[in-house]
K.L.:
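This is the structure I want to talk about, given as structure tokens.
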Amino acid sequence: MVYVTSWDDFVEKSVQLFRADPESVRYTMKYRHCDGKLVLKVTDNRECLKFKTDQAQDAKKMEKLNNIFFTLMSRGPEADISEVTGKEQMEVQPTKKGRGRKQ
């Protein structure tokens, strides 16, 4: 088992592992409230990747990883995940002008 220290490396290697053999890859998560630790694991029975954290803000990162895997599992391993990861440049949307109080 390999603990990956960088989140970006963990996501990249996990996606590569899934795309190599989507039928045998498993993704699990384990949270221990008493320790405040979250462990994410991606394995295909030959290679095992783990990421461990105790930071609360990593919950949003875990949600993005879930969305990546949902996209890959539903659309196929060759699906474009750039819209899920949010790494592309998003165009700036103009702010709405309301009818609220002027200040």
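The chain is numbered in sequence order, starting from 1.
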K.L.:
For residues 34-43, which side-chain donor-acceptor pairs fall under 3.5 Å, sequence neighbours excluded?
P.N.:
from	atom 1	to	atom 2	distance (Å)
Asp35	OD2	Arg32	NE	2.7
Asp35	OD2	Arg32	NH2	3.3
Thr43	OG1	Asn45	N	3.2
Thr43	OG1	Glu47	O	3.1

K.L.:
Holding to side chain to side chain contact (heavy atoms under 4.5 Å, CB included), I want the full list of residues that pass it with Glu63, two or more places apart in sequence or in another chain.
P.N.:
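By the side chain to side chain contact (heavy atoms under 4.5 Å, CB included) rule, Glu63 matches Lys60, Asn67.
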K.L.:
How long is the gap from CG on Leu49 to OG on Ser14, to the nearest 0.5 Å?
P.N.:
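Separation between the atoms: 5.0 Å.
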K.L.:
Please name all residues satisfying side chain to side chain contact (heavy atoms under 4.5 Å, CB included) with Gln55, sequence neighbours left out, ordered by chain then number.
P.N.:
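For Gln55, the residues satisfying side chain to side chain contact (heavy atoms under 4.5 Å, CB included) (neighbours in sequence not counted) are Thr53, Gln57, Asp58.
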K.L.:
Less than 4.5 Å apart, any side-chain heavy atom of Tyr31 and any of His33?
P.N.:
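The answer is yes; the side chains approach within 4.5 Å.
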K.L.:
Tyr27: which residues meet the ring-ring contact (aromatic ring centres under 6.0 Å, His included) condition with it, sequence neighbours left out?
P.N.:
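Residues passing ring-ring contact (aromatic ring centres under 6.0 Å, His included) with Tyr27: Phe69.
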K.L.:
Report the distance from atom OG of Ser24 to atom CG of Leu17, rounding to the nearest 0.5 Å.
P.N.:
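The distance works out to 7.5 Å.
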K.L.:
Mind jotting down which residue pairs meet the salt bridge (Lys or Arg N to Asp or Glu O under 4.0 Å) criterion with at least one end in residues 14-31? Sequence neighbours excluded, please.
P.N.:
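Passing the test, one end in residues 14-31: Asp21-Arg46.
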K.L.:
Any idea which heavy atoms bring Phe51 and Tyr3 closest together, and the distance?
P.N.:
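So the minimum-distance heavy-atom pair works out to N-CD2, 4.4 Å.
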K.L.:
Do Ile68 and Phe18 come close enough that some side-chain heavy atom pair is under 4.5 Å?
P.N.:
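Sidechains of Phe18 and Ile68: no contact.
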K.L.:
Rounded to the nearest 0.5 Å, what separation is found between the CG atom of Asp9 and the NZ atom of Lys13?
P.N.:
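So the gap between those two atoms works out to 5.5 Å.
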K.L.:
Hydrophobic clusters here meaning ILVMFWY residues chained together by side-chain heavy-atom distances under 4.5 Å, can you tell me if Val15 and Phe70 are in one?
P.N.:
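No, Val15 does not connect to Phe70 through the hydrophobic network.
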K.L.:
How far does NZ of Lys64 sit from CH2 of Trp7, to the nearest 0.5 angstrom?
P.N.:
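Output value for this atom pair is 10.0 Å.
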